[in-house]
K.L.:
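Next up is a structure, given as C-alpha cells.
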Amino acid sequence: MKIGVLGSGKGSNFQAILDAVEKKKLKNVEISVVISDVENAYILKRAEEKRIKAVYIDASPFRTKLDGEAEEKYINCLKESAVDLVVLAGFMRMIKKRFLEAYRGRVINIHPALLPAFPGLESWKQALEYGVKFAGCTVHFVDGGMDTGPIIAQAVIPVEQNDTPESLHARIQAEEHRLFPYAIGLIEKGSVKIQGRRTFIG
Ligand code: GRF
C-alpha cells in the first residue's frame, strides 16, 4: 500500500509512521510522497533526509482549506505517486469535496482529542480548560466536516492534576505516535469496514 502524507508542521507523526515502516512493524506500506503547504515545514526536511519524495505545494489564496487550483495540484501529485491512502498528519487545512471524491474512503486524519469532543485547534488546551479527567487522540476517516468522519481507533490517557497544556499535549502526542501506525496497519490489512458512522475491525 502506497501512502501519501500531508502535513504543515514538525512531522512527528510522519516520523512515527516512517519508523514503523523501517522497523517492519508496518509491513507492505511504502511512503511514496510527503506534501506540505508550508515551504519550510520540518516534515519536508525529515522526508528529504530519508530520500522520500518531498513536495511543497502552495495552497493560496485560501488560508484554511484546500480548494481550487491548489486542490487539483495536490490530487495530481498524489496520483503521480500512485498513492492508495492519503494520511493527514498535522495538515492544517480542510479537505473539500473534489479531493474526497478522488480518494473516497481513503483519507485519514489524526486528531489530538477524544472525538467528538474538542474538534478544531489546540484541542488538548480545550480539554484541559473544560476539566475532563481523560484525554487522548483519534484516528478517523475524513469526510467534509471538521474532524467528523467515522472513527477508526482512539487512545485514552488520564489528565493529571498538575498537567499544563504542554505536558498534556506531549503525552497525547506519544499516544498518537503509537496509534497512527497501528491504524494504518489495520487499513493495509483490509481489516477496517465502514458502515455508516461506525467502523468494524476484523
Ligand atoms: C498532531 O497533534 C495531530 O493530532 C494534529 O496535528 C499535530 C501534528 O503534529 N492533527 P506533527 O506535525 O505530526 O508533529
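Just so you know, ligand 1 is whichever comes first in the structure, and atom 1 is the first atom listed for that ligand. Just so it is clear, the values below take in all heavy atoms, side chains as well, and ignore hydrogens, waters and symmetry mates.
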K.L.:
Any idea which atoms of ligand 1 are less than 4.0 Å away from a heavy-atom of Lys10?
P.N.:
12 (O), 14 (O)

K.L.:
For the ring pair Tyr130 and Phe118, is the centre-to-centre distance below 6.0 Å?
P.N.:
yes

K.L.:
Might you work through the salt bridge (Lys or Arg N to Asp or Glu O under 4.0 Å) test for Lys45 and Glu48, ending with a clear yes or no?
P.N.:
CA-CA 5 Å; Lys45 301 233 161 35; Glu48 280 160 13; 6.0 Å; no

K.L.:
Over 60° means perpendicular and under 30° means parallel, so classify the ring planes of Trp124 and His169, tilted if in between.
P.N.:
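It falls in the parallel class, under 30°.
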
K.L.:
Between the side chain of Thr199 and the main-chain N/O of Ile151, is any donor-acceptor distance below 3.5 Å?
P.N.:
yes

K.L.:
Counting heavy atoms only, which part of His111 comes closer than 4.0 Å to ligand 1: side chain, backbone, both or neither?
P.N.:
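His111 to ligand 1: backbone contact only, side chain stays beyond 4.0 Å.
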
K.L.:
Evaluate Met92 for polar contact with ligand 1, using N/O atom pairs at a separation under 3.5 Å.
P.N.:
no

K.L.:
Considering only the protein, which heavy-atom contact is closest to atom 9 (O) of ligand 1, and what is its distance?
P.N.:
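I find the closest protein heavy atom is Gln173 NE2, 3.3 Å.
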
K.L.:
Would you check if the side chain of Glu101 reaches a backbone N or O of Lys96 as a donor-acceptor pair within less than 3.5 Å?
P.N.:
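No; zero donor-acceptor contacts below 3.5 Å.
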
K.L.:
Side chain or backbone, does Gly11 bring an N or O within less than 3.5 Å of an N or O on ligand 1?
P.N.:
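Right, the criterion is met.
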
K.L.:
Could you tell me whether Glu129 and Lys125 make a salt bridge, using a distance below 4.0 angstrom between a side-chain N and a carboxylate O?
P.N.:
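So Glu129 does not pair with Lys125 through a salt bridge.
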
K.L.:
Donor-acceptor pair, Arg46 side chain versus Lys10 backbone, under 3.5 Å?
P.N.:
yes

K.L.:
Among Val5, Ile110, Val139, Ile43, whose heavy atom sits nearest atom 5 (C) of ligand 1?
P.N.:
Ile110

K.L.:
Mark up the atoms of ligand 1 that fall under 4.0 Å of a heavy atom belonging to Glu176, in ascending order.
P.N.:
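Selected atoms, number and element: 1 (C), 2 (O), 3 (C), 4 (O).
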
K.L.:
May I ask you to check if ligand 1 and Asn109 share an N or O to N or O distance below 3.5 Å?
P.N.:
no

K.L.:
Quick one: look up the protein heavy atom nearest atom 8 (C) of ligand 1 and list residue, atom name and how far away it is.
P.N.:
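For atom 8 (C) of ligand 1, the nearest protein heavy atom comes out as Gly90 CA, 3.5 Å.
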
K.L.:
Among all the protein's non-hydrogen atoms, which is closest to atom 14 (O) of ligand 1, and how far away is it?
P.N.:
Ser12 OG, 2.5 Å

